[in-house]
Enquirer: 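This structure is in structure tokens; I'll ask about it shortly.
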Amino acid sequence: MLTEGSVREAFRLPRPALLPPVIGSSAPGLHRRRDHRKLRVAHFISLSGPAGIWGPCSINSAVLAMSEINAHGGILGREIELSIHDAGGTPDGVAATASDIVDSDAADIVLGSHMSVVRLVLRNVFAGRLPYVYTPIYEGGERMPGVLAIGETPPRQARPAIMWLAERKRAARWYLIGSDYVWPWQSHRAVKRYIAEAGGQVVGEDFVALGEDDHTPYLDRIQAARPDVVFISLIGQDGILFNRAFAEHGLAARMLRLANCMDETVALGIGADSTENLFAASGYFVNAPTAGNEAFRARYHGAFGRCAPVPGSTAQSNYEGLYFLEALSRRAGTLDLHGLVAAAEGAVYQGARGAIGMRRRRAEMPIYLAEADGFDFHLRATF
């Protein structure tokens, strides 16, 4: 069973004084012992696999939001009760856990922060049964009833960054490399259109198997193609290893990089000496200059300490996901799946990114283009 203590011991996190417990999800009979008067949120987070690097800070962010919302009366008067499930395994394995949750009536709401390949499986399990809030960056176009996605999508995130580099850095030749699954596949289709709109051309493209740690063949092709920019859609740990190797091959000083899913956690893994000419576009950076972000950072460090894992874009989305749910339920006056979906259009909620509005099933937010400087990101433009 996963408890607050076991989570914190596993990730060596400090124990905050006022945070409620995180209840486990896999022990036999646990579902029957739950208090159904509480709002039971099944939280699927990648704790293993390439995206597992965001696990500790994602848990922190979700627990912080739960604590704050519960301190103000919960959601529609119901105290949130989180259960944590690893979404970093095989899609079939994660789907089996999800099916058990549905069959056991073990959750009222689902929160997801994991790869899109897992989302495609989970949405089929939960469709028409439970509301499913999906928080991180993704490829866009989610239309499954009951799935509410609030992450950045290519039109708002990648397109303005590409236009900025084309104009300001005279970037015309682009090489695309991404992990071999649905998010990079679909994102690259859109990115190719944006590059063409900017007057550029794609001089090469590769998709890399998840978990691949030898990037030499791809780097050789990139070197031969001589792009101005390498557009990177490698996930988590895979992106770290690629960017390290990129610098070791002497390419960092010769061409730009634009990362599609990059935050301070990934930069820390890459290393300060390997981030030259590395840009990232995101709806959130730790140093984003908003009042909401300053308040979020203060509360996060107050709860977990200054040495806690950095809550970058992926992690912060878990915090925002619960506040989105709280705002949506207040607007709908219900936690019924159909009521929440109907209330989503035009809804506005507050998070570390400030006020975010939902329009045509897409979250509208400012997008920042930032340049890496060691372990930090300096904001260069806002779109």
Side-chain angles (χ1 to χ4, degrees), residues 11 13 43 45-47 49-65 87-88 111-115 134-138 150-152 157-158 161 183 232-244 257-272 274-275 278-290 292-301 303-323 351-354 356 363 365-380 382:
F11 295 116
L13 302 182
H43 194 183
I45 302 177
S46 294
L47 302 177
I53 61 167
W54 292 301
C57 43
S58 294
I59 290 175
N60 279 2
S61 298
V63 169
L64 179 61
L111 191 66
S113 180
H114 46 71
M115 295 192 298
Y134 185 68
T135 69
I137 178 177
Y138 83 114
I150 62 171
E152 300 94 326
Q157 183 228 13
W183 167 64
I232 303 169
S233 300
L234 295 165
I235 193 74
Q237 181 68 18
D238 292 354
I240 289 174
L241 296 178
F242 172 82
N243 280 286
R244 285 180 187 170
R257 286 170 283 174
L258 175 59
N260 204 18
C261 186
M262 172 73 65
D263 64 7
E264 292 79 3
T265 299
V266 177
L268 183 64
I270 294 170
S274 300
T275 57
L278 174 60
F279 289 82
S282 178
Y284 178 79
F285 287 97
V286 169
N287 62 350
T290 68
N293 186 37
E294 290 179 8
F296 166 71
R297 289 199 318 256
R299 292 192 294 266
Y300 184 91
H301 291 138
F304 302 105
R306 290 284 172 180
C307 295
V310 179
S313 178
T314 298
Q316 189 280 141
S317 76
N318 293 270
Y319 177 87
E320 197 168 283
L322 284 177
Y323 272 100
R353 292 184 289 190
I356 307 297
M365 70 197 79
I367 295 294
Y368 303 103
L369 179 66
E371 183 175 4
D373 180 8
F375 299 129
D376 298 319
F377 282 97
H378 294 301
L379 304 186
R380 299 302 187 204
T382 304

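Given the structure is predicted, the values throughout are model-derived calculations rather than measurements. FYI, the numbering just counts along the sequence from 1.
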Enquirer: With sequence neighbours left out, what residues match His114 under ring-ring contact (aromatic ring centres under 6.0 Å, His included)?
Expert: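 Checked His114 against ring-ring contact (aromatic ring centres under 6.0 Å, His included); matches are Tyr134.
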
Enquirer: Between Thr275 and Asp373, is there a donor-acceptor pair closer than 3.5 Å when you use the side chain of the first and the backbone of the second?
Expert: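 No, the answer is negative, given that no donor and acceptor are paired below the 3.5 Å cut-off.
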
Enquirer: Identify the heavy atoms of Ser113 and Pro136 that sit nearest to each other, and give their distance.
Expert: CA-CD, 4.0 Å

Enquirer: Do Phe296 and Thr290 come within less than 4.5 Å of each other through their side chains, counting heavy atoms only?
Expert: no

Enquirer: Evaluate the side-chain proximity of Ile240 to Ile53: yes if any heavy-atom separation is below 4.5 Å, no if none is.
Expert: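 Yes - at least one pair of side-chain heavy atoms lies under 4.5 Å apart.
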
Enquirer: What do the steps show when you test Asn260 against Ser233 for side chain to side chain donor-acceptor pair (under 3.5 Å), and what is the final call?
Expert: CA-CA 5 Å; Asn260 204 18; Ser233 300; 3.3 Å; yes

Enquirer: Angle between ring planes, Tyr368 versus Phe285, binned at 30° and 60°: parallel, tilted or perpendicular?
Expert: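 The arrangement is perpendicular - the two ring planes meet at more than 60°.
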
Enquirer: Just how far is it from atom CG of Asn293 to atom OH of Tyr300, taken to the nearest 0.5 Å?
Expert: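 Spacing of CG (Asn293) from OH (Tyr300) equals 12.5 Å.
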
Enquirer: What closest approach, in Å, do Ala51 and Ile235 show between heavy atoms, and which atom pair accounts for it?
Expert: CB-CG1, 4.4 Å

Enquirer: Between Phe377 and Val286, is there a side-chain heavy-atom distance shorter than 4.5 Å?
Expert: no

Enquirer: If you measure from CG on Leu369 to CZ on Arg380, what distance do you get to the nearest 0.5 Å?
Expert: 9.0 Å

Enquirer: Search all heavy atoms of Arg244 against all heavy atoms of Ile270 and return the closest pair with its distance.
Expert: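 Scanning both residues, the minimum pair turns out to be CG-O, 3.4 Å.
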
Enquirer: Which atoms form the tightest heavy-atom contact between Cys261 and Trp183, and what is the distance?
Expert: CB-CH2, 3.4 Å

Enquirer: Set out, in order, the CA-CA distance, both residues' side-chain angles and the distance that settles side chain to side chain contact (heavy atoms under 4.5 Å, CB included) for Leu47 and Ile59, then state yes or no.
Expert: CA-CA 9 Å; Leu47 302 177; Ile59 290 175; 3.8 Å; yes

Enquirer: If you measure from CD1 on Ile150 to CD1 on Ile137, what distance do you get to the nearest 0.5 Å?
Expert: 13.0 Å

Enquirer: As an exercise, state the distance from CD of Glu152 to OG of Ser282, rounded to the nearest 0.5 Å.
Expert: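 These two atoms lie 4.5 Å from each other.
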
Enquirer: Donor-acceptor pair, distance only, cut-off 3.5 Å: does the side chain of Asn318 make one with the backbone of Thr135?
Expert: no

Enquirer: Looking at every heavy atom in both Ala62 and His43, which two are closest together, and how far apart are they?
Expert: CB-CE1, 3.3 Å

Enquirer: Sub-3.5 Å donor-acceptor pair from the side chain of Gln157 to the main-chain atoms of Ala281, do we have one?
Expert: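 Yes.
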
Enquirer: Hey, what do you get for CD1 (Ile232) to CG (Asp238), rounding to the nearest 0.5 Å?
Expert: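 It is 12.0 Å, given to the nearest 0.5 Å.
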
Enquirer: Might you point out which heavy atoms bring Met115 and Ser46 nearest each other, and give the distance in Å?
Expert: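 Heavy atoms only, the tightest pair is N-OG, 4.2 Å.
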
Enquirer: Any salt bridge (charged side-chain N to carboxylate O under 4.0 Å, His left out) pairs touching residues 304-320, not counting sequence neighbours?
Expert: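 Qualifying pairs: Glu320-Arg353.
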
Enquirer: Any chance you could measure Thr314, atom OG1, to Ile45, atom CD1, to the nearest 0.5 Å?
Expert: 11.5 Å

Enquirer: In sequence, state the C-alpha distance, the side-chain angles, and the governing distance for Val310 and Leu268, and then conclude on side chain to side chain contact (heavy atoms under 4.5 Å, CB included).
Expert: CA-CA 9 Å; Val310 179; Leu268 183 64; 5.6 Å; no

Enquirer: Step by step, work out the side chain to side chain donor-acceptor pair (under 3.5 Å) result for Asp263 and Tyr284.
Expert: CA-CA 9 Å; Asp263 64 7; Tyr284 178 79; over 6 Å; no

